[in-house]
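Just so it is clear, the values below take in all heavy atoms, side chains as well, and ignore hydrogens, waters and symmetry mates.
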Amino acid sequence: MEEYLKQLNESQREAVVYTDGPSLVVAGAGSGKTRVLTYKIAYLLRQGLPPQSILALTFTNKAAREMKERIASLTDERTARRLWMGTFHSIFSRILRSEAERIGYPSNFTIYDATDSKSLLRSILKEMQLDDKVYRPGMVQSRISNAKNALITYKAYEQNKELVQHDIDSKVPLLREIYKRYQNRCQQAGAMDFDDLLLQTNILFRDHPDVLEKYRSFFQFVLVDEYQDTNFAQHLIVQRLCEVHRRICVVGDDAQSIYSFRGANIDNILQFKNQYPGCRIFKLERNYRSTQNIVNAANSLIHKNTKQIQKTVYSEKEEGSKVAICSSYSDYEEGYAVAGKINDMRMRNYDYADFAILYRTNAQSRILEEALRKRGIPYKIYGGLSFYQRKEVKDVISYLRLIVNPHDEEAFKRVLNYPARGIGDTTLNKLIVAATDHNVSLWTVLNDPLGYALPVNNGTAKKLSDFRELISGFIERNVKLSAEEIAAAVVKESGIVSVLFQDRSVEGISKQENLQELLKGIAEFCEIRREEGAERVSLADFLSEVSLLTDQDNDKEEQANKVTMMTVHAAKGLEFRNVFVVGLEEDLFPSAMSKDNPRAVEEERRLFYVAITRAEENCVLTYAKSRYRNGQSAMCSPSRFLRDIDTKYIYASADVATDGSFAGTRRSSAFSFPFRQPKAMEEDAYVSPVAQAVGRQARLTRMEAASSSPSSVSTSDLSGLYVGAKVRHDRFGEGEVTAIEGEGGNAKATVSFAHFGQKQLLLKFARLTIIE
DNA sequence: CGCTCGCTGATTTTT
DNA sequence: TCAGCGAGCG
């Protein structure tokens, strides 16, 4: 047996080596699911499958990146890079770009994020003069999203009597009209929303059998991670690709299905064996992560759910400490108790990085943050608004989007009067009216105001044409320039820099920093691509990568030694030695929205299951008796889920007693911790926005602070480079040259780095220093 | 057209 | 608590 297969247990190994037909791997929490996937891919590669014929779909960018790294260490960097591995959204956006004209989209289509879609819906609602209290944008958005995830186009929607009737009954009969207009506007703008990426892929495959055939034979083996979280659109894409060769392996855990609000359908995994007759089912039941008490407590909880695949997750680690339940009087004290407990436990040889605080909603993070800060505990928060959603960043990105695709309506609207150039809402609305009347994009109207009879006075007309000139100028230059050059030109010549740098306030400075960060990120992205051999890194290249990037992409370096704070959703797939799950109260966890719906409550229970099973050694559950909600303090009762856990695995903590004694403790302790912490501490406590910089997904670590423009890079003398030389790279550290090929400007060296595996580097760009 | 002030309403989770 | 929106004024 091959060496690496010995690193697997028997059931893992069986799952890995079975490649003859469809298989389902039911992987309990902490059972080595990722391990199976990575080894299986490695196994397929050893069997001679070329990497580019393997399609591996994950749920998050982070999961894809990590798996790629692990495969790179089992094989090599180059092979790993050629795998088709990524999220559904990123993989199929790539495919859609190359096949775009088949379905009537430009290949440089924009991807609308949730904010863009909502804003577009708002303006449609306004145009239709609908009351946004009845047609709440959020509700409309999720209805459309659900329809798309169920592959119901607006045409199908109009014709579906049931849906139309349902809308009439819910007093929102015009939903179908909104959906139709929304879709037309997206198409007009050359834009797809997140759901379109999946819907349009399905349409592409449905209507173009030759295209489907191409990808069918191209992807000889398909693997899907987190299958329990796939929706119908994703499920069908996979099925289309696999129904002929049936070389498919899906991995998941029905007990961890927590995304039904996004259309995920747990039946996809429950019904998999019926979809693929003859499918083999492998169960991974041994949990390597947590102690017995934690596993048993989680099991006793999840058994309260009805629908699930039968399995027995067990741990052979030590029994461990019981799951603690702590109550406190208020949310404030809850935070304080958690912070105190972390400090206590740190005395027992734990690092800050060994702790995670998990909560149901992002809103809960604030008060916890405050408590940690007062105690001087360093922390990092995941989630919340991402780097790209910050106004100043999104404004710049909008310019870039507009340059690549001037029909992009949402980008157009953001940029038209930013920086202020005297084109206000009135003029914008006139543009929109003209555009909708003629069924063209805003940009088209802007290019021929007279032709579309735009009712503006001379002054405004001049302002509009100035704006058009500005953007057209960028578009022309963009043909030749690289992403970083055009971005630099944009911030300078649009006036963004001068506006932003006038503001000396704290927020103003932070905005400037974010802008710098963005530019640096773009430069970094370009440099990485060049090192990989790209000729010119265009703005379109950059945007196509960046639009699907989320905030979860943080840097290992930055993660230093800090407590992790995140929602339970965000914590899926992660593990920590000590986990605090806070806010276990009715109407919060389970959320108030789900309490009347048994299915939804089951999902909340699974969510809680996910939370508990993140813990390796200690798991603390806390609830407060009162909590601030909507600015007002409200009484709350303990979560029903606390009663679902078998009491024999629970320890109801005495140190946070329910009586007044805790309050007294708090006061005295609070006194001994001055409100303000030393400055260094405060700065340290925040995750720098640097951590979220662009291009992270493409590379592993961050460049040194020195900002670099490639033109200024001194091409160090590498003529003395030879195979076997020890070299140092700014980001990859030390390594050994294993091969050199090409000459002059195209000379490439293959370097094997100690921590980053093999890389091929263009000597022209890679800043290598020979150290031996 | 642009800015400021005050009100209101929302809060579940994310690619 | 806070962001986002609308009204009203300069």
Colleague: Report the distance from atom CE of A/Met139 to atom P of B/dG9, rounded to the nearest whole Å.
Modeller: 16 Å
Colleague: Rounded to the nearest angstrom, tell me the gap between atom CG in A/Leu548 and atom P in B/dT15.
Modeller: 10 Å
Colleague: Measure the distance from CG on A/Leu358 to P on B/dT12 and round it to the nearest whole Å.
Modeller: 19 Å
Colleague: Identify whether a stacking contact exists between A/Phe88 and B/dT15, where the ring centres must be under 5.5 Å apart and the planes under 30° apart.
Modeller: no
Colleague: Quick one, A/Asp644 and A/Phe608 - any side-chain contact, counting heavy atoms below 4.5 Å?
Modeller: no
Colleague: Can you give me the first and the last nucleotide of DNA chain C (5' to 3') that has an atom within less than 4.0 angstrom of a non-hydrogen atom in chain A?
Modeller: C/dT1 to C/dC5
Colleague: Quick one: A/Tyr259 OH to B/dT13 P, roughly how many Å, whole number?
Modeller: 11 Å
Colleague: Please say which of A/Thr115, A/Asp113, A/Val393 ends up in a side chain to side chain contact (heavy atoms under 4.5 Å, CB included) with A/Tyr388.
Modeller: A/Val393
Colleague: Just call it for A/Phe59: base, sugar-phosphate, or nothing, with non-hydrogen atoms closer than 4.0 Å on any strand.
Modeller: sugar-phosphate
Colleague: Can you check salt bridge (charged side-chain N to carboxylate O under 4.0 Å, His left out) on A/Glu370 and A/Arg366, steps first, answer last?
Modeller: CA-CA 6 Å; A/Glu370 194 185 320; A/Arg366 260 212 156 70; over 6 Å; no
Colleague: Checking salt bridge (charged side-chain N to carboxylate O under 4.0 Å, His left out) for the pair A/Arg627/A/Asp587: CA distance, chi angles, key distance, verdict?
Modeller: CA-CA 11 Å; A/Arg627 177 175 299 275; A/Asp587 292 348; over 6 Å; no
Colleague: Using a heavy-atom cut-off of under 4.0 Å over every strand shown, decide if A/Arg606 touches base, sugar-phosphate, or nothing.
Modeller: nothing
Colleague: Given B/dT13, B/dT14, B/dT15, identify the nucleotide with an atom nearest to the side chain of A/Thr87.
Modeller: B/dT15
Colleague: Could you tell me whether the phosphate oxygens of B/dT14, OP1 or OP2, come under 4.0 Å of any side-chain nitrogen or oxygen in A/Asn362?
Modeller: yes
Colleague: In whole Å, what is the span from the CG atom of A/Asp587 to the C1' atom of B/dA10?
Modeller: 16 Å
Colleague: DNA chain B: A/Phe194 or A/Arg136, which has the more 5' nearest nucleotide?
Modeller: A/Arg136
Colleague: Under the side chain to side chain donor-acceptor pair (under 3.5 Å) criterion, do A/Glu334 and A/Thr622 qualify, and how do the steps go?
Modeller: CA-CA 7 Å; A/Glu334 177 185 58; A/Thr622 71; 2.7 Å; yes
Colleague: Would you kindly give the NZ-to-C1' distance between A/Lys148 and B/dT15, to the nearest whole Å?
Modeller: 14 Å
Colleague: Can you check whether A/Thr567 has a side-chain N or O nearer than 4.0 Å to OP1 or OP2 of B/dT14?
Modeller: yes
Colleague: Can you tabulate the close N/O pairs, meaning under 3.5 Å, that link protein atoms to atoms of nucleotides 1-8 of chain B?
Modeller:
residue	atom	partner	partner atom	Å
B/dC1	OP1	A/Thr427	OG1	2.4
B/dC1	OP2	A/Thr426	N	3.4
B/dC1	OP2	A/Thr426	OG1	2.2
B/dG2	OP1	A/Gly422	N	2.9
B/dG2	OP2	A/Asn417	ND2	3.1

Colleague: In whole Å, what is the span from the CZ atom of A/Arg122 to the C1' atom of B/dA10?
Modeller: 11 Å
Colleague: Tell me, with the steps shown, if A/Arg401 and A/Glu410 meet salt bridge (charged side-chain N to carboxylate O under 4.0 Å, His left out).
Modeller: CA-CA 9 Å; A/Arg401 271 166 54 175; A/Glu410 292 308 304; over 6 Å; no
Colleague: Answer with yes or no whether the side chains of A/Ser123 and A/Lys413 bring together a donor and an acceptor at under 3.5 Å.
Modeller: yes
Colleague: So A/Glu226 and A/Lys33, do their side chains get closer than 4.5 Å, heavy atoms only?
Modeller: yes
Colleague: Nearest whole angstrom, please: distance from the C1' of B/dT13 to the CD of A/Gln141.
Modeller: 14 Å
Colleague: Could you tell me whether the side chain of A/Tyr215 reaches within less than 4.5 Å of the side chain of A/Ile237, counting heavy atoms only?
Modeller: no
Colleague: Is the shortest heavy-atom distance from the side chain of A/Asp225 to the side chain of A/Phe59 under 4.5 Å?
Modeller: no
